[in-house]
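Quick caveat, the model's predicted, so the values are computed rather than measured.
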Amino acid sequence: MRRRLLGAALVVGACIMLSGCVVPRLIWPQSDIKASELNTSAGEKNVLVASRTSAFKDAVVARIGDAFRDEPVHVKFIGLDDLDKEDAAKYDALVLIDTCIAWGLDRKVDAFLGRNKAAHNIIVLTTSGDGKWVPKKDGRNFDAIATASQQASVDKIAGSIIDKIKTLLNQT
């Protein structure tokens, strides 16, 4: 009887561990930002910004848009659910904004990074409760930024991302 209970406990524990990253995302699903474009007839420079929506993320995305509104740069804004339709090679810079839930990247971001391992032009902003969780690179090439979703830090975080985008744009 005791062995049976121990076996059942191990099976239940394994199931919880294996589904640990999926269950929280099902409990707290996140919506995507509304797709839009900026400077559609701009020159040769292209930037993709993909994000979920929240007050903090929306403010960061808005600051990025404001920074490039009068620049000869085409900026495309999409939700993370549409990342599977995109190729990193089409862009000079990509910004992926997600939330760490259950110590993991959003599955859409993780899959995109897996498909574009060699890309050198990806910036990943991940929000987490304390702002210290940074995704593992696992052989993927991206620039990671970690932060808590605090409105007081929007300008600082957006400024950092904008500087990184400008650096990538100047490399091409």
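Applying the salt bridge (Lys or Arg N to Asp or Glu O under 4.0 Å) definition to pairs two or more places apart or across chains, those involving residues 47-65 are Asp32-Arg52, Arg52-Asp81, Arg52-Asp106, Arg63-Asp155.
Counting only distance, with no hydrogens or angles, the side chain of Ser160 and the backbone of Lys156 share no donor-acceptor pair below 3.5 Å. Distance alone, capped at 3.5 Å, places no donor-acceptor pair between the Lys117 side chain and the Arg140 backbone. Here the side chain of Asn39 pairs a donor or acceptor atom with the backbone of Val73 at under 3.5 angstrom.
Between Asp66 and Arg69, at least one side-chain N (NZ, or NE/NH1/NH2) sits under 4.0 Å from a carboxylate O, which counts as a salt bridge. A salt bridge does not link Arg107 with Asp110: every distance from a Lys NZ or Arg NE/NH1/NH2 to an Asp or Glu carboxylate oxygen is 4.0 Å or more.
You'll find the side chain of Ile123 stays beyond 4.5 Å of the side chain of Phe142, heavy atoms only. You'll find the side chain of Ile145 stays beyond 4.5 Å of the side chain of Thr126, heavy atoms only. At least one side-chain heavy atom of Leu48 sits under 4.5 Å from a side-chain heavy atom of Glu86. Side chains of Thr40 and His74 form a contact here, defined as non-hydrogen atoms less than 4.5 Å apart. Residues Leu105 and Val124 meet the side-chain proximity criterion, which asks for heavy atoms closer than 4.5 Å. Side-chain atoms of Asn121 and Asp92, non-hydrogen and from C-beta on, never get closer than 4.5 Å to each other. The shortest distance between side-chain heavy atoms of Val95 and Ile97 falls below 4.5 Å. The side-chain heavy atoms of Phe68 and Lys45, taken from C-beta on, include no pair separated by under 4.5 Å.
Atom-to-atom distance recorded for Thr127:OG1 and Leu125:CG is 6.5 Å, nearest 0.5 angstrom. Rounded to the nearest 0.5 Å, atoms OH (Tyr91) and NZ (Lys76) are 4.0 Å apart. Of the inter-residue distances, the one linking Asp87 atom CG with Leu94 atom CG reads 9.0 Å to the nearest 0.5 angstrom. Ile157 CD1 to Ile162 CD1: the interatomic distance, rounded to the nearest 0.5 Å, is 11.5 Å.
Under 3.5 Å, the side chains of Asn141 and His120 contain no donor-acceptor pair of N or O atoms.
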Under 3.5 Å donor-acceptor pairs involving side-chain atoms of residues 147-154, not counting sequence neighbours:
| residue | atom | partner | partner atom | Å |
| --- | --- | --- | --- | --- |
| Gln151 | OE1 | Phe56 | N | 3.1 |
| Ser153 | OG | Gln150 | O | 2.8 |

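Heavy-atom contacts from other residues, nucleotides or ligands closer than 6.0 Å to CG of Asp84 number more than 12.
Minimum interatomic distance between Ser128 and Lys132 (heavy atoms only, all atoms of both residues): OG-N, 3.5 Å. Minimum heavy-atom separation, Asp143 to Lys164: OD2-NZ, 2.9 Å. Considering every non-hydrogen atom in both Leu96 and Leu83, the closest pair reads CD2-CD2, 3.8 Å. Scanning both residues, Ala88 and Ala119, for their nearest heavy atoms gives CB-CB, 4.0 Å.
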Problem - Step-by-step salt bridge (charged side-chain N to carboxylate O under 4.0 Å, His left out) determination, Lys85 to Asp82 - result: CA-CA 6 Å; Lys85 301 171 190 162; Asp82 290 331; 3.2 Å; yes
